[in-house]
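Accompanying notes for the structure given below.
All values below come from the heavy atoms of this structure, side chains included, with hydrogens, waters and symmetry mates left out. Every number for a ligand or one of its atoms is a count from 1 in the order of the listing.
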Amino acid sequence: MEKIVVNGGRPLVGEVEISGFKNAALPIIYACVLVKDKCIIENVPNVLDINRSFEILRGMGASIKTIDKTTVEIDCTNVVCGSSAYDLVRRLRGSYYLLGAELGRFGEARVAYPGGCDFGVRPIDQHIKGFKALGASVVTDGGYIEISTENGKTTGTNIYFDMVTVGATINVMLASVMGEGTTIIENAAREPHIVDCANFLNSCGAKISGAGSDVIKIRGVEELHGCTYAIIPDMIEAGSYMCAAAATRGDIKVTNVIPKHLESITAKLEEVGVKVEEFDDAIRVSVNGPLRHTNVKTLPYPGFPTDMHPQMCALLTTVEGVSVINESIYDNRFRYVEELKRMGASIKVEGRRVTIEGEVPMTAAPLVAVDLRGGIAVLIAALTCSGTSEITDIHLIERGYDDIVGKLKSLGADIKKIYVPDPVEIKRAN
Ligand code: EPU
């Protein structure tokens, strides 16, 4: 079992380079299934969810070669439909993109029901509604989702989503990009990763317009060809370092970012009193005076991202006054709160509303990373408290943060990763 050990209480200072966006890389990697050719993908983050996705695709017959630290060549020419490993697929949410990708390429799909962080019920009814509207029939059987079409192709149509959903928007794009006719998605999600995936597909010869707005038009093409494509920087990784710098009263430059994608995060940090300076592809975050409370409501892009809610909460425990976060995307993204309370934080959760009393003294403690963003929030809190905190279950943080320990160390954090034998393993060895 690996742990992160942090001696907190030091401001983060220096420069940190942001990796490629996990949530854009996932659909793009699975979109390669649609292409019977080589795709060179650049700016790929070295995180667990991506490496597991490579394992899934390799197991299906894909050839994936590492070109350099952040570049891979993916060739899915020989991928076999329905052959993804059940146990790997069910461990990550992003694997649901295999449904759309298999359906788009083969006119059918068979994939295990997806996993992912536990935020309460995470239905995929809108994905299924989309596939059915495209003329497919969908059944669930023995933990698998099975999709088929009559003539081996999806059929273009108009789809109106009942809610704004990133996953279903992308899945319908994947399923219809080589379908017959034209598909129009209304009430589409507008996240930068939707645009990135559409740009990738268009670089492969797809005809997608409107990505980034709430109406996306996909005109089916016969086939896609390979291309070279660079993934956009990870706005959530960037936002997490911005919150960590503010919480530790540091001064950092976050490089390889698209400042436009960070606007909602920047605006909230400025409201709190943090100084944020924008450059072409970098942002500097510093704290020169006292910070004050604020209210946050998570919303689909361009609103404040739910994936920044726990990190913002960790920051708000350090500022004057009472702050409120309203979580409007997930029913239960609050498991991290118990860990912050373990450190002494005064936080109340009522329904989807989190009330944070700031500047209550907090102390280092043994902590658990309960999920990806909850884990990084707990780590941010540990960085703010003097004393030694140990964080377990760090594989959950490593699902989405490239070299988290190395990057924080380079910003002056006293942090290391250690291996400790699991008590269960010790028992077995005896
Ligand atoms: N929803 C439904 N039915 C559906 C699909 C979604 O009810 O068929 C609901 C969800 O339960 C949720 C809301 O709609 O309440 C939004 O879900 P969405 O489909 O947008 O989320 P997702 O595709 O499952 C992606 C990211 C999440 C991020 C959300 C929202 C990936 C792999 N995951 O999930 O990222 O929170 O969009 O922006 O891209 C993370 O990175 O920590 C993470 C959880």
Side-chain angles (χ1 to χ4, degrees), residues 19-31 45 47-50 52-53 56 89 91-100 113-133 138 140 145 159-175 185 187-197 214 231-232 234-240 261 264-265 298-312 327-336 352 369-377 396-402:
S19 301
F21 195 0
K22 167 191 79 97
N23 289 349
L26 281 168
I28 288 173
I29 286 165
Y30 287 107
V47 297
L48 265 183
D49 276 10
I50 296 300
R52 276 188 188 143
S53 297
I56 290 172
V89 166
R91 280 160 73 183
L92 72 155
R93 185 83 184 154
S95 57
Y96 54 26
Y97 293 129
L98 254 185
L99 287 168
Y113 205 90
C117 291
D118 178 9
F119 308 141
V121 187
R122 295 178 74 183
I124 56 164
D125 57 300
Q126 298 301 302
H127 302 236
I128 291 171
K129 170 178 159 166
F131 298 144
K132 284 185 174 165
V138 184
T140 42
I145 299 167
I159 297 169
Y160 183 91
F161 284 127
D162 300 338
M163 78 238 349
V164 177
T165 144
V166 170
T169 300
I170 293 181
N171 247 338
V172 166
M173 270 178 8
L174 299 179
I185 307 175
N187 198 22
R190 291 182 285 166
E191 270 68 4
H193 28 310
I194 310 273
V195 181
D196 212 30
C197 185
D214 58 3
I231 310 269
I232 51 169
D234 192 329
M235 55 186 262
I236 305 299
E237 186 195 15
S240 303
H261 294 170
S264 64
I265 302 164
T298 66
L299 288 168
Y301 188 84
F304 189 89
T306 173
D307 292 344
M308 281 301 302
H309 144 186
Q311 303 88 311
M312 194 66 189
E327 171 55 54
S328 74
I329 308 294
Y330 293 115
D331 288 335
N332 186 12
R333 190 169 210 167
F334 312 109
R335 289 166 64 221
Y336 73 92
R352 289 178 168 206
V370 293
D371 56 52
L372 169 58
R373 309 301 173 190
I376 200 76
L396 291 172
I397 300 177
E398 290 173 339
R399 287 180 68 162
Y401 289 87
D402 192 344

Legend entry - Short side-chain to backbone donor-acceptor contact, Lys129 and Tyr160, under 3.5 Å: yes
Legend entry - Positive for side-chain contact (heavy atoms from CB on, under 4.5 Å) with Cys197, one of Asn23, Thr169, Ile170: Ile170
Inset, instruction - Say whether Asp307, considering both its backbone and side-chain N or O atoms, lies within less than 3.5 Å of an N or O atom on ligand 1. - result: yes
Inset, instruction - Measure from the side-chain N and O atoms of Arg399 to the backbone N and O of Asp49, and report whether any donor-acceptor pair falls under 3.5 Å. - result: no
Legend entry - Parallel, tilted or perpendicular, as decided by the 30° and 60° cut-offs, for the rings of Tyr96 and His127: tilted
Inset, instruction - Report the part of Lys129 (side chain from C-beta onward, or backbone N, CA, C, O) that has a heavy atom under 4.0 Å from ligand 1; answer both or neither where that applies. - result: neither
Inset, instruction - May I ask whether Tyr96 places a heavy atom under 4.0 Å from ligand 1? - result: yes
Legend entry - Residue portion contacting ligand 1 (non-hydrogen atoms closer than 4.0 Å) for Val166: both
Legend entry - Region of Asp125 engaging ligand 1 - heavy atom pairs below 4.0 Å: both
Legend entry - Proximity to ligand 1 by part of Phe161, non-hydrogen separation under 4.0 Å: neither
Inset, instruction - Let me know which of Leu92, Ile145, Leu98 forms a side-chain contact (heavy atoms from CB on, under 4.5 Å) with Pro114. - result: Ile145
Inset, instruction - Mind checking whether Leu372 contacts ligand 1 via backbone (N, CA, C, O), side chain (CB onward), both or neither, at a 4.0 Å heavy-atom cut-off? - result: side chain
Legend entry - From Ile159 atom CD1 to Gln126 atom CD, the distance as rounded to the nearest 0.5 Å: 10.0 Å
Inset, instruction - With rounding to the nearest 0.5 Å, note down the distance linking OG1 in Thr298 to CZ in Arg352. - result: 8.0 Å
Inset, instruction - Decide yes or no on ring-ring contact (aromatic ring centres under 6.0 Å, His included) for His309 and Phe304, but give the supporting numbers first. - result: CA-CA 8 Å; His309 144 186; Phe304 189 89; 8.7 Å; no
Legend entry - Atom indices of ligand 1, in the order listed, that fall short of 4.0 Å to a heavy atom of Arg93: 24 (O)
Inset, instruction - Provide the number and element of each atom of ligand 1 under 4.0 Å from a heavy atom of Thr306. - result: 30 (C), 36 (O)
Inset, instruction - Examine the proximity of ligand 1 to Arg333 and report which part, side chain or backbone, both or neither, has a heavy atom under 4.0 Å away. - result: side chain
Inset, instruction - Would you mind running through ligand 1 and noting each atom that sits below 4.0 Å from a heavy atom of His127? - result: 8 (O)
Legend entry - Ile124, Ile329, Asp234: member with heavy atom nearest to atom 16 (C) of ligand 1: Ile329
Inset, instruction - Please work out which of Asn23, Thr165, Thr169 has its closest non-hydrogen atom nearest to atom 32 (C) of ligand 1. - result: Asn23
Legend entry - Heavy-atom nearest option to atom 8 (O) of ligand 1, drawn from His309, Gln126, Lys22: Gln126
Inset, instruction - From the options Ala24, Pro123, Gly167, select the one whose nearest heavy atom is closest to atom 5 (C) of ligand 1. - result: Pro123
Inset, instruction - Could you tell me whether Lys132 and Asp125 make a salt bridge, using a distance below 4.0 angstrom between a side-chain N and a carboxylate O? - result: no
Inset, instruction - Indicate whether the side chain of Tyr401 and that of Ser240 have a donor and an acceptor atom separated by less than 3.5 Å. - result: yes
